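Structure record follows, encoded as structure tokens.
Just so you know, these numbers come straight off a predicted model, no measurement behind them. Counting convention: from 1, in listed order, for ligands and their atoms alike. What's counted below: heavy atoms across the whole structure, side chains too, no hydrogens, waters or symmetry copies.
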Amino acid sequence: MSDDDFLRVTDVSKWYGDEKVLDEVSFEMDRGDVTVLIGPSGSGKSTMLRCVNRLAEAQEGSILLDGEEVLSPDLDVDELRREVGMVFQGFNLFAHLTAVGNAALGPRRVLGLSESEARERAEAQLERVGLSDQFDSYPAELSGGQQQRVGIARALAMEPKLMLFDEPTSALDPELIGEVLEVMHGLVEEGMTMLVVTHEMSFAREVADEIVFLDDGHVIERGPPEQLFDHPEEERTGRFLERITSHD
Ligand SMILES: Nc1ncnc2c1ncn2[C@@H]1O[C@H](COP(=O)(O)OP(=O)(O)OP(=O)(O)O)[C@@H](O)[C@H]1O
Ligand SMILES: [Mg+2]
């Protein structure tokens, strides 16, 4: 751990009622790092992501983002959410807005850009995700893979310094997963800092600087992909990986 970690999560705990769903979770990221959270259903992966942008409130611990305490009661949550983009499993696009309309909404409403500036920015991000021919399409006219790429463009249009991805491909038909992973690959190459929940283990192996394995709210083990995937130290990690890769 160094003083200039870009994201430093320290002993974060969270309860829902009596249930402790995160138990002293710690990990760190440098700027430009890709960290992949893996673990069984219910292990706390989504909750951990949501604590980083304060969609969920951690009750204990510390989350320092670029030196600022995310968990501070004084934090400007709107500003935090401008700086931290999130991509969801279910796209969450507005059905009555076109691709450009969806991607321009944040820049227009939240950043206060003019309509033409917001549109320009939205178009640039849609181009970045390979959708320059779909600016004026509505979500219902797009495939799942295209919709998810609009979701990514919408997050990028805010020019975030950290991107959170919560199983961005798990709602997609298998043949559409690749185009979304390709866009994510591109972001990695551009140096985006990304915290990703995914079951796409070959993607994780290729892009992750660190894999964090969560089970039952605990970090069981973390390390570079080669170490975690090929030589897991904990039995639980090995069992989880066996289970998940046997489905591939
Ligand atoms: N809003 C909520 N209210 C109450 N309990 C919740 C809430 N959200 C999550 N939980 C509980 O917290 C635990 C962790 O859930 P979480 O969604 O973070 O797991 P996950 O690892 O993302 O699982 P999955 O792989 O199924 O998405 C689970 O026991 C879940 O039931
Ligand atoms: Mg989840």
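Each of the following atoms of ligand 1 lies closer than 4.0 Å to a heavy atom of Ser46: 17 (O), 18 (O), 20 (P), 22 (O), 27 (O). Numbered from 1 in the order shown, with element, the atoms of ligand 1 that lie under 4.0 Å from a heavy atom of Thr47 read 14 (C), 15 (O), 16 (P), 18 (O). Heavy-atom proximity to Pro40, at under 4.0 Å, picks out these atoms of ligand 1: 21 (O).
Side chain of Gln59 to main chain of Trp15: a donor-acceptor pair is present (N/O by atom type, distance under 3.5 Å, no hydrogens or angles).
Contact check on Glu28 versus Arg222 returns a salt bridge, with a Lys/Arg side-chain nitrogen under 4.0 Å from an Asp/Glu carboxylate oxygen. Classification of Arg121 and Glu117 as a salt-bridged pair fails, no side-chain N sitting under 4.0 Å from a carboxylate O. Ion pairing between a basic and an acidic side chain is recognised when a charged N comes within 4.0 Å of a carboxylate O; Arg8 and Asp33 show no such pairing. Of the charged side-chain nitrogens involved, at least one lies within less than 4.0 Å of a carboxylate oxygen, so that Asp66 and Arg31 count as a salt-bridged pair.
Contact of the Ile220 side chain with the His218 side chain is registered, since non-hydrogen atoms from C-beta on lie closer than 4.5 Å.
By the 6.0 Å contact criterion, CD on Glu68 is open, its count of non-hydrogen atoms from other residues, nucleotides or ligands being 12 or less.
For atom 30 (C) of ligand 1, the nearest protein heavy atom lies 4.0 Å away or farther.
Within the 4.0 Å heavy-atom criterion, the part of Glu19 lying near ligand 1 is the side chain and not the backbone. Residue Glu167 touches ligand 1 through its side chain alone, judged by heavy-atom distances below 4.0 Å. Residue-level proximity to ligand 1 for Val21 is carried by the side chain, the only part with a heavy atom below 4.0 angstrom.
Among protein heavy atoms, the minimum distance from atom 21 (O) of ligand 1 is reached at Lys45 NZ, 2.8 Å. The protein heavy-atom contact nearest to atom 23 (O) of ligand 1 is Gly42 N, 2.8 Å. Atom 8 (N) of ligand 1 has as its closest protein heavy atom Tyr16 CE1, 3.4 Å.
Cluster membership check: Leu64 does not share its hydrophobic cluster with Val9, using side-chain heavy-atom separations under 4.5 Å among Ile, Leu, Val, Met, Phe, Trp and Tyr.
Polar contact check, Gly39 against ligand 1: no nitrogen or oxygen pair lies under 3.5 Å apart.
Within the 2.8 Å limit, Gln89 places no N, O or S atom next to the Mg ion (ligand 2).
Ring geometry for Phe203 against His185 counts as perpendicular: the plane angle is over 60°, on a 0 to 90° scale with 30° as the lower cut.
The heavy atom nearest to atom 26 (O) of ligand 1, out of those in Gly44, Ser41, Ser43, Ala56, is found in Ser41.
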